[in-house]
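Chain identifiers are assigned alphabetically (A, B, ...) following the order of the sequence lines, protein sequences preceding nucleic acid strands; residue numbering begins at 1 within each chain. All values reported here derive from a predicted model rather than from experimental measurement.
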There are 2 protein chains.
Amino acid sequence: MKNKYLKSRDIMAQSKNVTFADIAKYTNFSKTTISRYFNDPNSLTVENQAIISDALEKLNYKENKVARILASGKTEFIGIIVPNLFLHYYSEILNQILSTYETFGYKFLVFVGNENEETERRYIQELLAYKIEGMIILSHTIPSIELASLQIPIVTIEREDRHVNSVNTDNYMGAIQATSLLARHNCDVLIHINTPTSEDIPAYDRIRGFKDFCEDNHLNHRIIIHEMERTHESASMHLRSILSELEQEYSGLKKGIFISNDTHANILLNLIVRKYGTLPDDFLIIGYDGSPVSKEAVIPISTVGQQIDKIAFEAVSLLVTQMDERKKRRPAPLREPVHKMITPVLIRRETTEDRD
Amino acid sequence: MKNKYLKSRDIMAQSKNVTFADIAKYTNFSKTTISRYFNDPNSLTVENQAIISDALEKLNYKENKVARILASGKTEFIGIIVPNLFLHYYSEILNQILSTYETFGYKFLVFVGNENEETERRYIQELLAYKIEGMIILSHTIPSIELASLQIPIVTIEREDRHVNSVNTDNYMGAIQATSLLARHNCDVLIHINTPTSEDIPAYDRIRGFKDFCEDNHLNHRIIIHEMERTHESASMHLRSILSELEQEYSGLKKGIFISNDTHANILLNLIVRKYGTLPDDFLIIGYDGSPVSKEAVIPISTVGQQIDKIAFEAVSLLVTQMDERKKRRPAPLREPVHKMITPVLIRRETTEDRD
DNA sequence: TTGTATGCGTTATCAT
DNA sequence: ATGATAACGCATACAA
């Protein structure tokens, strides 16, 4: 007996959806043939394709990918966990990742982590429950060894990545580019300002690169590692004291400052401009990231530009490779994690031009 | 005969998933009881709950929400189409929307529109294929009448919204706040700078509010509508010429400038500071949005702060209400679109303080 | 409180 | 080239 039970869903507003069964009945084909129309149209005669095509129009068929997922096991979902979106770097990465839909067709389920391990674990479980095929992790909260244990393709971006695949900017090269630019301007002292950074995250190479370059070239240099917290106010406060210390210590000397991100570079620049009405000749500043603030600053700031579009594309691309591999009958999983490097691009603006 | 067919999926890497059937066999309950454990645990005895709970552990069960969706018809998916993520306003809105997961439990499928109608229609079809329960649209591309025809709960944010529900900032009030602040400082002339804006989008009320306030209070004023394009360079160029015109036209007069967004306010400010080394007393500037650039500018910029967290929360909340309504046996769909207003907050900073 | 039967809408397998 | 039928893993109406 058909429709012995009446499900509450059937009497809901959206009425009943048109399914393959309806199309089949209407066209006198089987459901299988309708399915073939979508997945292997060439196996049908052209006439029959036309018949089905018409029926779809007539009945106003809407595809249901949920059913397809259940039957095929392929969700075409990628999960993303991003630490936040107020830093331009992350929102732009997300932007570029989402844009790869046009290339790869994967859909993205996005979560914003909140620095809390348990919360992010819940997010991951939720993502797994939706049968995502792979994950891109930008959040730093969960150690890569734990991520690796999830047994699902994973790519991380600019975070600790010992046990998982990753795509990172070549931070070392970026630091070299920045430092050598300052050196070419014959600064009397090179200064690197950064926040406390764990040695196992890629950004630590910015410190390493600066140090190596200065030492290799016997340049007078100084590394200032200082906590800044996350607010503009506290960063501003800390940079103010760093600035006054620099002015005392290196009075009259030409100071080349490589500071670890554009936001902080902008704050430092503003402190100086507020004090002198301009950027004095004995200050050269270069930031890192190539974010809009560097261009929009009162004096456009030189910076090491991350190629975010490439980073994002490589990340998705690397993930897709693994996900494809997994769909083969005899998958050959990667034995060693792959770590891709994207070279940054030096962007020269006014803060490193000689103004005398 | 069991397992008459062997599906290729079963021999894939992930081996076979543990299902309710396995749990049922292991515990000697029926699949229904296992299902109840998840959906209505109190209908089981505490002992049996424990038995099942143990079995889940032992067998390492992972829930499959795709199957649940197919059976229940509820995806808990909300689709989002955002125009871009390089404007801080949009990335912050997205951030806040995603954060409502903790409150409402809905997951988000996110697409970045690219101003192309056909593309965005494809995105919408894809979202519908995944059986999203509702949509939040920030993109301006598709007219609200077309959105309304989709027969799915929709909320838009700060865009043309005649035929759909929406949440917007009270732009009119924001303009009043900004203009009256300038007025209180006894400016000789009030100037509003904006870009060409369609009358049917909420932001047009910024112009209307400025105009009404000035006329009602018989204030000398001027509205400058000028194309700026999307790049920093072109906006900078256009604002430079606007600035020089203002300096000629209103030389010696105290100028109160209300400019339509913080990014442009910052550019204008920088042009002035580059010229004079500071912001002269006869310039007062107030922006709109309350984005980070207003705080991080060389001289912190007064602005009309959008309460993005509230906007996002109200949008999701309004959407959830509709989605819930739809799940009732006798849904009472809204007859008229609902338009919620969020009042902005005036943020006073240095650019509107008297400096003489 | 628990179980049985049926359905959700597609894809995969085998057969013709 | 097409069809019949069994999955996919879970939820729900109804019975007990």
Any N or O donor-acceptor pair under 3.5 Å from the base of C:dT10 to the side chain of A:K65?
no
Measure the distance from NZ on B:K31 to C1' on C:dT6 and round it to the nearest whole Å.
10 Å
Of all residues at least two apart in sequence or in a different chain, which pass the side-chain hydrogen bond (donor to acceptor under 3.5 Å, both in side chains) check with A:S30?
A:T33
For residues 133-150 of chain A, pull every pair meeting side-chain hydrogen bond (donor to acceptor under 3.5 Å, both in side chains), keeping only residues two or more places apart or in separate chains.
A:E120-A:S139, A:E120-A:T141, A:R121-A:E146, A:E133-A:K327, A:S139-A:T141, A:S144-A:E160, A:S144-A:H163
How close or far is atom P of D:dT12 from atom OH of B:Y37, stated in whole angstroms?
18 Å
To the nearest Å, how far apart are B:N64 CG and D:dA7 P?
18 Å
C:dT10 phosphate, OP1 or OP2: any side-chain N/O from A:Y61 under 4.0 angstrom?
yes
From the list D:dC10, C:dT10, D:dG3, which nucleotide is the closest neighbour of the side chain of A:R36?
D:dG3
Could you walk me through whether A:N168 and A:D161 pass side chain to side chain donor-acceptor pair (under 3.5 Å), step by step?
CA-CA 10 Å; A:N168 301 312; A:D161 58 0; 3.0 Å; yes
Value in whole Å for how far the C1' atom of C:dT4 lies from CD1 of B:I34
15 Å
Just how far, in rounded Å, is C1' of D:dG9 from CZ of A:R68?
18 Å
Could you tell me the separation between the OH atom of B:Y130 and the P atom of C:dT10, rounded to a whole number of Å?
13 Å
Would you kindly give the CG-to-P distance between A:L70 and D:dC10, to the nearest whole Å?
9 Å
For the base of D:dA4, is there a side-chain donor-acceptor partner from A:T32 under 3.5 Å away?
yes
The correct set of residues in residues 20-30 of chain A placing a heavy atom under 4.0 Å from DNA chain C is A:F20
Does A:E57 have more than 12 heavy atoms from other residues, nucleotides or ligands lying within 6.0 Å of its CD?
no
In whole Å, I'd like the distance from the CD1 atom of B:I69 to the P atom of D:dT12.
13 Å
Mark yes or no for whether A:R159, through its side chain, and A:S166, through its backbone, hold a donor-acceptor pair below 3.5 Å.
no
Residues touching DNA chain C, which here means a heavy atom under 4.0 Å, drawn from residues 38-51 of chain B:
B:N42, B:S43, B:L44, B:T45, B:N48
Carefully, step by step, assess B:L94 and B:L138 under the rule side-chain contact (heavy atoms from CB on, under 4.5 Å).
CA-CA 10 Å; B:L94 180 59; B:L138 288 98; over 6 Å; no
Selection from C:dG9, C:dA12, C:dT2 that lies nearest to any side-chain heavy atom of A:N17:
C:dG9
Does the gap between the ring centers of A:Y37 and A:F29 come in under 6.0 Å?
no
Using the side-chain hydrogen bond (donor to acceptor under 3.5 Å, both in side chains) criterion, which residues pair with B:K31? Sequence neighbours excluded.
none
Run the ring-ring contact (aromatic ring centres under 6.0 Å, His included) test against B:F104 and tell me which residues pass, sequence neighbours left out.
B:F313
Below 4.0 angstrom from OP1 or OP2 of C:dT11, is there any side-chain N or O of A:S35?
yes
